[in-house]
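Quick caveat: nothing in here was measured; it's all calculated off a predicted structure. Residue numbers start from 1 in every chain, and the chains themselves are labelled A, B, ... in the order their sequence lines are given, proteins ahead of strands.
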There are 2 protein chains.
Amino acid sequence: MTQTSAPANEASQEALPRQHRHYSIGELARMFEVTPRTIRFYEQEGLLAPYREGQKRIYREKDRVRLKLTLRGKRLGFSLAEIREVVTMYDAMPDGNARQLWRLLEILAEKRDNLERQLEDIRLMRKEIDDVDQRARQVLRGLGQEA
Amino acid sequence: MTQTSAPANEASQEALPRQHRHYSIGELARMFEVTPRTIRFYEQEGLLAPYREGQKRIYREKDRVRLKLTLRGKRLGFSLAEIREVVTMYDAMPDGNARQLWRLLEILAEKRDNLERQLEDIRLMRKEIDDVDQRARQVLRGLGQEA
DNA sequence: CAAGCACTTTACGTTAACGTAAACCTCGTT
DNA sequence: AACGAGGTTTACGTTAACGTAAAGTGCTTG
């Protein structure tokens, strides 16, 4: 959120063959406009788990989706730790014990609350911005400059 | 967003005399559930400007509002630097020159875009969460546990 | 075969946003 | 007079999320 360049929400689709099925780290990095370093870091943090072909990392569709979700979470202000918690629990779901599943539901409810609060914040901030905008335009009109 | 305790959106209103007109740092800190350290830090970063009574900082209504807006901005992932940029330009508005005002409008548009992207992100993430939730409940039902 | 990519690992550096600790003042009480 | 509750300054510490640099590997292309 610090960058001024207003990055896109999702990957630059590149409208490429959806059947690629696997990607190099560089491809993925370009897709989502992040550096390879970031992707490696996410792996180290347990968010991605590409397989190797010799030395090189190979990412499949699943990894791409995870990266997408991770970045989305980040844009919403979630920490990598929080994101990992949900993501890994999701993966452990089918054979997860009841305790874990209840915990998961708990976390999800928490996240949902979080989103609701953000929605409210956005509503309020939008209004603030509109107000400031109005005032600025008014001052500009006072200066003879049409806004 | 890292805290698990799901803090409230706004100040705990305490339903107190609105005519207080000024607050100590401790009062403000309790109101917004932050530490005094945080408030002093925001001052140092040019976001707050309380006056002094001897040694002590005294905050007026205006400072309280600024703090509120600052924290809201933070919840939406804006950096203190970004927040300061808007806030200080806002204050300089009445006598601001045209260049500055245009710049302000520019920034506001940027922020608005940001919010729109966040709205979309929230929409998407909500759906993801609901999906995971459904799947988890389903597995739980399979285990004989009613969700 | 040299050059140039794209990738790898290791490791130290950086920034934002505070936390934490120490040492001090200044009240109003006890 | 001693104390505790709140405030103050100064300054070093911490964490997350990468950035950046160095040094090496492996392919393929002029």
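Closest-nucleotide positions on DNA chain D for A:E45 and A:K56 were compared, and the one nearer the 5' end corresponds to A:E45.
None of A:V65, A:L71, A:L67 except one satisfies the side-chain contact (heavy atoms from CB on, under 4.5 Å) rule with A:L69; the exception is A:V65.
With rounding to whole Å, A:Y51 atom OH is found 14 Å from C:dC7 atom P. A straight line from CD1 of A:I39 to P of D:dC18 spans 11 Å, rounded to a whole angstrom. Rounded to whole angstrom, the span from the CZ atom of B:R75 across to the P atom of C:dC18 amounts to 13 Å. Atom CD of A:E33 is separated from atom P of D:dC18 by 15 Å (rounded to the nearest Å). One atom, NZ of A:K74, and another, C1' of D:dA17, lie 6 Å apart when rounded to the nearest Å. Put simply, CG on A:L28 is 11 Å from P on C:dT8, counting in whole angstrom units. Between A:Q44 atom CD and C:dT8 atom P there is a gap of 14 Å when expressed in whole angstrom units. The interatomic distance linking B:E53 (CD) with D:dG6 (C1') rounds to 15 Å, in whole Å.
Here the CE-CG distance, from B:M93 to A:L140, works out to 9.0 Å after rounding to the nearest 0.5 Å. Here the straight-line distance linking atom CZ of B:R21 with atom CZ of B:R64 works out to 9.5 Å at 0.5 Å rounding. The distance from atom CG of B:L115 to atom CZ of B:F78, rounded to the nearest 0.5 Å, is 5.0 Å.
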Listed pairs, N/O of protein and of nucleotides 9-16 of chain D, under 3.5 Å:
from: D:dT9; atom 1: OP1; to: B:R52; atom 2: NH1; distance (Å): 3.4
from: D:dT9; atom 1: OP1; to: B:R52; atom 2: NH2; distance (Å): 3.3
from: D:dT9; atom 1: OP2; to: B:R57; atom 2: NH1; distance (Å): 2.9
from: D:dT9; atom 1: OP2; to: B:R57; atom 2: NH2; distance (Å): 2.9

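A sub-4.0 Å separation between OP1 or OP2 of C:dA17 and a side-chain N or O of B:T38 is absent. Residue A:T35 places none of its side-chain N or O atoms closer than 4.0 Å to OP1 or OP2 of D:dC18. Phosphate contact (OP1/OP2 of C:dC18, side-chain N/O of B:Y42, threshold under 4.0 Å): present.
With respect to the salt-bridge test (charged N to carboxylate O, under 4.0 angstrom), the residues A:K56 and A:E53 do not qualify.
B:E61 and B:Y23 form a side-chain donor-acceptor contact under 3.5 Å, judged by distance and modelled atom types alone.
A donor-acceptor pair under 3.5 Å is formed between the side chain of B:E27 and the backbone N or O of B:S24.
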